[in-house]
Amino acid sequence: MQLIRYPEPETWDTLLARPVQQMAQIEQLVQPILQHVRSHGDAALKEYALKFDNVRLDRLDVPMEVMEVAERQLSPALKDAIRQAYSNIVKFHAAQRQAPEKIETMPGVTCWRKSVGIEKVGIYIPGGTAPLFSTVLMLGIPAQLAGCKEVVLCSPSQHPAILYAAKLVGITRVYTIGGAQAIAAMAYGTESVPQVYKIFGPGNQFVTAAKMLVAKEGVAIDMPAGPSEVAVYADETANPAFVASDLLSQAEHGKDSQVLLVSTSESVLTQAMDEVEKQVRELSREDFATQALEHSKAVLVRDSSEALDLLNAYAAEHLILSVENAEALVDKIINAGSIFLGHYTPESAGDYASGTNHTLPTNGYARAYSGVSLDSFVKKITVQSISKEGLKNIGSTIMEMAAAESLDAHRRAVEIRLEQLETGE
Ligand code: HSO
Ligand code: ZN
């Protein structure tokens with residue numbers, strides 16, 4: 001980690017810049033894959049599985065028997081943990097349901113919104129070194145609560161915990177496909193994989209590029225994704241070993257992960273950096289974490305207000321406030337995906353089990369985007385109903401505005417009704 005003392009605000013942009021991703025080049029590689037899946041369906045998926053992953057797939061879905069067996073392959077302790085996390089995530093997300101409220105904007109003019117689960121959604125879970133079954137919960141639970149009718153899961157990994165979590169959240173259609181081709185399959189549909197209207201889930205640059213490309217064609221996606229990141233704000237009351245463990249829990253995700261430490265205390269900052277050096281050696285993913293730390297920074301700032309300005313400018317995916325009286329600072333944070341308060345709230349609580357969602361905006365998108373929630377899986381349809389009295393009340397307003405926009409038919413649609421009401425014919 002690079003230590004930077006009292007950087008001037010003019011240098012913050014450069015200091016906080018995320019590594020540039022060469023998306024254009026990757027999109028060029030991904031586009032033909034999308035095309036091929038679109039025109040050749042399952043055959044293209046099998047071809048790519050052989051070419052990229054060296055696996056010969058006879059069928060693309062995971063048979064029911066394999067789903068059933070998964071449960072028996074997990075330890076009782078892991079199953080208990082998954083069920084506990086499931087229950088907490090359900091509690092937090094179920095509370096996001098809003099009962100429709102009818103609003104009478106004028107006498108006789110009633111408007112409301114109803115929520116409808118997106119009928120068909122797709123979840124992508126990457127293969128690779130960490131089997132992200134927690135992400136199955138984070139995406140599958142709100143899909144289940146939203147009442148999405150068809151939830152499809154694609155993952156090149158058949159890790160039993162992924163299959164168990166899928167079953168827990170009621171996903172019955174699991175496909176063993178990965179990469180950009182899996183995104184194409186869900187976006188266009190193939191003989192085996194149903195087409196969906198919205199695609200969720202993390203992935204490598206190819207998966208991300210595929211999501212961005214299908215989004216241009218009208219398939220919704222959860223959010224633009226970049227490498228995972230955490231910012232920790234530590235004051236003099238922070239425990240350097242705790243801080244280091246939080247930085248490392250993000251750094252171990254991958255070599256592109258970003259971690260940022262901000263502190264008003266030089267001693268906490270340097271002790272935390274020493275701790276990082278020490279703790280990183282104990283990690284099974286030391287390699288990834290070390291590479292992530294190479295482009296990560298520790299910044300010494302003058303006071304709390306400067307720290308908060310810097311953190312708001314960074315707009316971290318995860319922000320840990322390892323400070324005394326952390327809750328008092330929440331109102332001052334305007335850009336972050338998710339905030340973790342105090343010395344005993346590690347990011348991993350939110351990653352797995354406290355109840356909040358871990359699919360969050362990266363790459364500065366927290367300035368304008370929220371993380372995944374129940375809302376991400378529903379559409380809100382507005383409804384209105386106007387009585388005869390209501391139309392008499394609002395009619396002149398509509399007609400005046402329509403006339404001013406020179407839209408005669410709009411004005412006439414009101415007038416014709418009012419005339420009928422007057423003559424009674
Ligand atoms: N920190 C990751 C989520 C995750 N962590 C999954 C562990 N498993 C991105 O928010
Ligand atoms: Zn994590």
Side-chain angles (χ1 to χ4, degrees), residues 18 21 74 78 81-82 84-86 88-89 92-93 123-142 153 155 157 159-162 164-166 168-169 200-205 207-208 211 221-232 242-260 276 279-280 283-289 291-293 296 314-320 335-340 345-366 369-373 376:
R18 272 85 174 178
Q21 290 184 286
L74 300 180
L78 180 55
I82 294 176
Q84 180 66 66
Y86 174 84
N88 294 356
I89 299 163
F92 188 69
H93 288 73
I123 297 176
Y124 183 77
I125 302 294
T129 48
L132 297 178
F133 58 85
S134 53
T135 308
V136 179
L137 299 180
M138 294 294 176
L139 299 174
I141 290 170
L153 188 144
S155 178
S157 163
H159 192 285
I162 292 184
Y164 176 66
L168 208 55
V169 300
F200 295 79
N204 61 20
Q205 289 187 311
V207 168
T208 302
K211 281 170 71 184
I221 60 165
D222 45 2
M223 68 187 83
S228 210
E229 56 198 30
V230 68
V232 180
F242 292 4
V243 170
S245 70
D246 288 329
L247 295 170
L248 287 170
S249 38
Q250 198 54 47
E252 74 175 352
H253 270 293
K255 61 181 172 43
D256 301 328
S257 293
Q258 286 262 304
V259 307
L260 174 70
V276 165
Q279 291 183 24
V280 74
L283 304 177
S284 55
R285 295 166 71 91
E286 178 185 356
D287 229 31
F288 284 134
Q291 289 180 68
L293 290 169
S296 294
Y314 183 61
E317 179 191 11
H318 308 93
L319 172 60
I320 300 177
N335 295 323
S338 195
I339 309 176
F340 300 76
T345 316
E347 186 207 302
S348 33
D351 279 354
Y352 290 111
S354 55
T356 61
N357 208 286
H358 78 201
T359 305
L360 296 165
T362 54
N363 212 12
Y365 279 103
Y369 281 77
S370 318
V372 161
S373 68
S376 317

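Index from 1, following the sequence. Keep in mind it's a predicted model, so treat the numbers as computed, not measured. Both ligands and their constituent atoms are indexed starting at 1 by order of listing.
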Chemist: Please state which protein non-hydrogen atom is closest to atom 2 (C) of ligand 1 and give its distance, to 0.1 Å?
Modeler: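 Sorting protein heavy atoms by distance from atom 2 (C) of ligand 1 puts His253 NE2, 3.3 Å first.
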Chemist: I need the atoms of ligand 1 closer than 4.0 Å to a non-hydrogen atom of His318, numbered in the order shown.
Modeler: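 Counting atoms of ligand 1 from 1, those under 4.0 Å from His318 are 1 (N), 10 (O).
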Chemist: With Leu168, which of Ile82, Ile141, Val136 fulfils side chain to side chain contact (heavy atoms under 4.5 Å, CB included)?
Modeler: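 Output: one option passes, namely Ile82.
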Chemist: Based purely on interatomic distance, does Thr135 place a nitrogen or oxygen under 3.5 Å from a nitrogen or oxygen of ligand 1?
Modeler: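 No.
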Chemist: Do the side chain of Asn357 and the main chain of Met138 share a donor and acceptor less than 3.5 angstrom apart?
Modeler: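 Such a contact is found between Asn357 side chain and Met138 backbone.
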Chemist: What are the atoms of ligand 1, with element, lying closer than 4.0 Å to any heavy atom of Gln250?
Modeler: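 Answer for ligand 1: 1 (N).
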Chemist: Can a side-chain donor-acceptor contact be found between Glu317 and Ser228 if the only test is distance below 3.5 angstrom?
Modeler: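 Side-chain D/A pair, Ser228 to Glu317: present.
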Chemist: Test your reading of the model: is there a side-chain donor-acceptor pair from Ser257 to the backbone of Gln250, 3.5 Å cut-off?
Modeler: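 Pair found, side chain donor or acceptor close to backbone of Gln250.
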Chemist: What atoms of ligand 1 come within less than 4.0 Å of a heavy atom belonging to Glu347?
Modeler: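 Listed by number with element, the hits are 1 (N).
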Chemist: Verify, without hydrogens or angle tests, whether Glu229 (side chain) and Asn363 (backbone) share a donor-acceptor contact under 3.5 angstrom.
Modeler: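 Looks like yes, one N/O pair under 3.5 Å.
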Chemist: Report the protein N/O/S neighbours of the Zn ion (ligand 2) that fall below 2.8 Å; do not count waters.
Modeler: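 Atoms qualifying: His253 NE2, Asp351 OD2.
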Chemist: Is Leu132 close enough to touch ligand 1? Criterion: a residue heavy atom under 4.0 Å from a ligand atom.
Modeler: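 Yes, Leu132 has a heavy atom closer than 4.0 Å to ligand 1.
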Chemist: Is a donor on one side and an acceptor on the other found under 3.5 Å between the side chain of Asp351 and the backbone of His358?
Modeler: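 Checked: no pair found.
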Chemist: Quick one: look up the protein heavy atom nearest atom 8 (N) of ligand 1 and list residue, atom name and how far away it is.
Modeler: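 Protein heavy atom with the smallest distance to atom 8 (N) of ligand 1: Ser134 OG, 3.4 Å.
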Chemist: Heavy-atom pairs closer than 4.0 Å: do any link ligand 1 to the side chain of Thr359, the backbone, both, or neither?
Modeler: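 Within the 4.0 Å criterion, Thr359 makes no contact with ligand 1.
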Chemist: Can you confirm whether more than 12 heavy atoms, excluding those of Tyr86, are under 6.0 Å from its OH atom?
Modeler: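 Yes, OH of Tyr86 has more than 12 neighbouring heavy atoms, counting only those of other groups under 6.0 Å.
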Chemist: Fit a plane to each ring of His159 and Phe133, take the angle between them on a 0 to 90° scale, and name the class: parallel (under 30°), tilted (30 to 60°) or perpendicular (over 60°).
Modeler: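 The rings of His159 and Phe133 lie parallel, inter-plane angle below 30°.
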Chemist: Looking only at protein heavy atoms, which one is nearest to atom 9 (C) of ligand 1, and how far off is it?
Modeler: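 Going atom by atom, the protein heavy atom closest to atom 9 (C) of ligand 1 ends up being Ser228 OG, 3.3 Å.
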